[in-house]
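For reference, the structure discussed in these notes is given below.
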Amino acid sequence: MTLPDITTVAIHSDDDGTVDRLSEMLRKVAGVRLVEDGDGRRMSLVDTRIAGAAATVRRLVEGGGTCVAVSNGADVDAVAELLQAGANGCVAARADAGTLEHCLSAAARGTVTLPADVARSLASRVAGAPASAAGAPQIERALVEQVIVERRFDIVAQPIVDLRTGEIVAVESLARFTAEPSLPPNVWLEAAEHAGLRVAMEHQLLRAAVALLRSIPGHIALNVNLSPAAAMDPALADVLDGVPLDRLILEITDHRQLDDYEPLSEALSPLRTSGLRLAVDDSGNGLTSLQQFAQLAPSFMKLNRRLTRNIDRDPTKHALAFALTAFAAQIGSAIVAEGLETEAELQTLRTLGALLGQGYLLAHPRPLDELNLDAPLSLPASRHGAAAEGPAFDLSELVRADFHEAARVALRMLGRQHPSASYAVAHLDYVRRRHTVIASRGSLASQLEPGRSIPIDQTMSFHMASGSGPRLCDDVDADPVYGGLPLARELEAGSYVGVPLELPDGTRMGALFGVDRRPRAFSSDDLPLLGAIATVLGTVLLEQSRGGRDRGELLHYLRELARTDGVTGVLNRAGLTEFLDDELQRPAGRRQGAYVAVEVQDFDSLREQYGRTVADLAIKDLATALRTSAEALDPVGRLSENCFGVLLLCDAYDEAVPRLFEGLTSRLADFTMRREITMSVRAGAVPLKDVVQRDDAWTLAAAAATRLG
């Protein structure tokens with residue numbers, strides 16, 4: 001749409017960021033060019049923060065120009081002053097191109113338009129502003145009823161495009177209200193809600209939208225928007241009576257109202273049985289309601305324009321989109337990226353796995369008869385086969401049934417990105433003031449073996465997670481915080497990168513971090529992938545912790561993970577040590593049972609001969625044999641790569657140890673026969689009453705070890 005009677009627009013602002021954003025938006029508006037000065041020009045945008053803003057507006061208006069105020073959010077009084085000075089509307093500094101175009105067009109026609117939040121705030125404060133500036137609460141119920149009954153709106157359509165081929169796969173119906181005052185659709189819907197007519201208005205818009213199906217080719221679907229209340233209303237079945245539901249995609253909006261998606265799912269079940277598909281819009285709110293999304297099992301998940309805007313330059317948005325793409329893959333949904341306005345945004349979203357997209361870059365909303373739906377859109381060649389921006393990893397690989405396994409996969413991903421660096425996932429226990437490693441890779445695997453517990457104030461990840469978030473340290477020695485930490489010196493860290501391990505609600509449960517002995521080994525380009533992996537791990541953690549409804553359960557779950565060996569599932573060194581320490585605190589005369597040492601001999605040769613996978617299977621089978629040969633409550637722990645310890649908590653030492661050895665010998669023979677490998681195992685035991693301190697338990701038991709089998 002070309003703005004009526006506008007040829008030039010000037011921007012009056014001292015803020016370079018605001019000027020750049022508005023200039024970028026204006027370049028997308030047909031028939032408009034930017035000029036340096038607004039004197040005597042047709043249209044000017046005046047930032048409320050510049051000195052003498054009201055005087056500038058008056059001067060420009062007196063010179064025959066039209067002005068629109070530019071609001072930065074918390075400046076309602078300043079907006080009111082500019083309206084009183086003659087400004088013909090207001091637009092948010094961060095408005096998208098469509099909103100800006102609508103505001104300028106209305107101002108050129110002499111109609112005042114305001115952002116909804118500004119309109120509501122001004123309702124009781126702006127003196128002399130036109131009635132339409134008062135916002136939704138000022139619209140009388142009778143006018144809302146008239147809009148509904150007389151259908152005082154038009155339906156336009158915006159294509160949803162396959163980002164690989166340019167083919168139009170669907171169109172989304174959007175309302176454009178023709179009633180006065182001239183207000184955006186969301187304000188009219190708010191007015192309808194205020195009048196108790198929201199469902200009635202939505203159903204009327206839906207009737208008008210589905211009528212378009214007659215003019216849409218059969219291979220193209222129609223997206224229609226509906227709130228949960230309108231979707232669950234019994235009258236919906238009548239509205240959709242006779243509509244080919246297999247060509248309809250119902251997009252649920254305002255889903256933040258819902259605490260439980262089950263009633264909505266049940267209400268829509270009959271329609272879905274007849275072919276209706278669902279889409280949900282994450283609204284830029286991250287992962288907070290993803291578990292509820294899963295209840296709906298939608299066919300499409302839409303990335304809101306607040307997330308896609310500038311995603312190519314924003315590491316946080318990049319990371320969140322990674323995580324949402326992984327979650328969508330897990331529940332079988334396709335990603336639709338909304339609000340695409342630049343080629344860089346489109347390329348980034350395609351790299352992240354978004355197959356479908358819509359936005360002004362692809363096509364503006366238009367009356368249906370102005371769209372050519374039969375031909376694919378022409379996508380610039382640079383979008384095909386261009387070098388991928390950002391890390392090209394499939395984060396759906398992280399969505400595992402076991403958090404330990406998910407963490408190990410994550411560390412392998414990071415290891416491919418930086419072979420010289422080493423990485424770890426840690427649990428930060430703020431109550432016990434301990435930092436406990438859950439998984440590690442690279443040199444950290446030996447220096448910070450899983451299960452090792454460290455005072456929290458000695459760690460880099462604690463200082464990172466308790467601060468503002470992701471942290472990149474180019475030179476640890478020169479850093480005033482990290483340089484003096486004992487763990488940094490122990491690891492000989494030259495550079496450090498870390499992100500918090502957060503739950504979807506923002507609770508920080510741990511950290512994902514990497515170190516390299518070289519300074520400046522990491523860069524800001526590493527943060528998007530690290531943040532994306534941490535976000536997915538947080539979601540996996542939530543799903544694995546029995547619903548995650550109780551934070552205490554999550555803490556307990558993480559503590560147990562930190563005490564568990566990730567490969568075998570038995571206790572790690574720290575976990576077994578806790579049990580042993582408890583037993584050693586008993587008086588010597590009351591100590592019952594034995595400590596058993598088990599060792600796989602020549603483990604390096606086994607690994608070299610058969611490979612890492614077979615060697616890990618051997619270790620897993622040995623751990624299983626130990627667990628099944630011991631009593632159910634006897635702790636079994638993996639102390640190092642090839643060594644295990646078993647705490648036999650029994651009264652009859654002379655009976656329990658031979659029984660364990662006999663069972664272990666039998667199971668190992670079965671394993672080696674099935675795998676056709678040779679594995680030598682030694683085992684020995686010492687009465688627990690003879691153990692004086694933790695360190696000599698293994699030594700005494702190993703001294704008595706003999707070969708099994």
Keeping E251 on the side-chain end and V224 on the backbone end, is there a donor-acceptor pair under 3.5 Å? no

Minimum-distance pair of heavy atoms, taken over all atoms of V239 and V243: O-CG2, 4.2 Å

Check whether any side-chain heavy atom of L226 lies under 4.5 Å from a side-chain heavy atom of L236, and answer yes or no. yes

Main chain of P367, side chain of E370: is a donor-acceptor contact present, judged purely on distance under 3.5 Å? no

Determine the minimum heavy-atom distance between P159 and V171, stating which atoms define it. CA-CG1, 4.0 Å

Could you tell me whether the side chain of T348 and the main chain of A344 form a donor-acceptor pair under 3.5 Å? yes

Could you measure the distance from the CG atom of L60 to the OG atom of S44? Nearest 0.5 Å is fine. 4.5 Å

Chi angles and distances behind the side chain to side chain contact (heavy atoms under 4.5 Å, CB included) call for L240, L206: CA-CA 9 Å; L240 296 179; L206 180 60; 3.9 Å; yes

Closest heavy-atom pair, A54 versus L82, reported as atoms and distance to 0.1 Å, is N-CD1, 3.8 Å

Give a yes or no on this: more than 12 heavy atoms of other residues, nucleotides or ligands lie within 6.0 Å of atom CZ of R94. no

Validation row: H194, E190 side chains within 4.5 angstrom (heavy atoms): no

Does the side chain to side chain contact (heavy atoms under 4.5 Å, CB included) test come out yes or no for S13 and V70, once each step is laid out? CA-CA 9 Å; S13 176; V70 178; over 6 Å; no

Atom CZ in R49, atom CG in D14: separation rounded to 0.5 Å? 8.5 Å

For E202 and N225, test the side chains for any donor-to-acceptor distance below 3.5 angstrom and give the result as yes or no. no

Could you tell me whether a side-chain N or O of T178 sits under 3.5 Å from a main-chain N or O of R152, the two making a donor and an acceptor? yes

Spacing of CD belonging to Q358 relative to OG1 belonging to T308, to within rounding of 0.5 Å: 9.5 Å

Closest non-hydrogen atom pair, L163 against A354: CD1-O, 3.5 Å

When every non-hydrogen atom of A107 is compared with those of V68, the smallest separation belongs to CB-CG2, 3.7 Å

Is a side-chain donor or acceptor of Q347 paired with a backbone partner of E343 at a separation under 3.5 angstrom? no

Is there side-chain contact between N72 and D47, with heavy atoms separated by less than 4.5 Å? yes

Take L189 and L205, measure what side chain to side chain contact (heavy atoms under 4.5 Å, CB included) needs, and give me the verdict at the end. CA-CA 11 Å; L189 287 168; L205 292 172; 4.3 Å; yes

Is the shortest side-chain heavy-atom distance between H12 and C67 below 4.5 Å? no

So does I216 get a backbone contact from the side chain of R247, meaning a donor-acceptor N/O pair under 3.5 Å? yes

Here the gap from L222 atom CG to S173 atom OG, rounded to the nearest 0.5 Å, amounts to 5.0 Å

Donor-acceptor pair, Q204 side chain versus I148 backbone, under 3.5 Å? yes

From CG (N223) to CD1 (I160), nearest 0.5 Å: 4.0 Å

Residue of the set K302, R305, Q158 for which side chain to side chain donor-acceptor pair (under 3.5 Å) holds with E338: K302

Can you find a pair of side-chain heavy atoms, one from L143 and one from W188, that are under 4.5 Å apart? yes

Please determine whether side chain to side chain contact (heavy atoms under 4.5 Å, CB included) holds for the pair R21 and I11, giving the CA-CA distance in whole Å, both sets of side-chain angles, and the decisive distance to 0.1 Å. CA-CA 11 Å; R21 283 191 297 272; I11 302 172; over 6 Å; no

What one should report as the nearest heavy-atom pair of A230 and H203 is O-NE2, 3.0 Å

What is the distance from atom CG of L45 to atom CE of M25, rounded to the nearest 0.5 Å? 12.5 Å

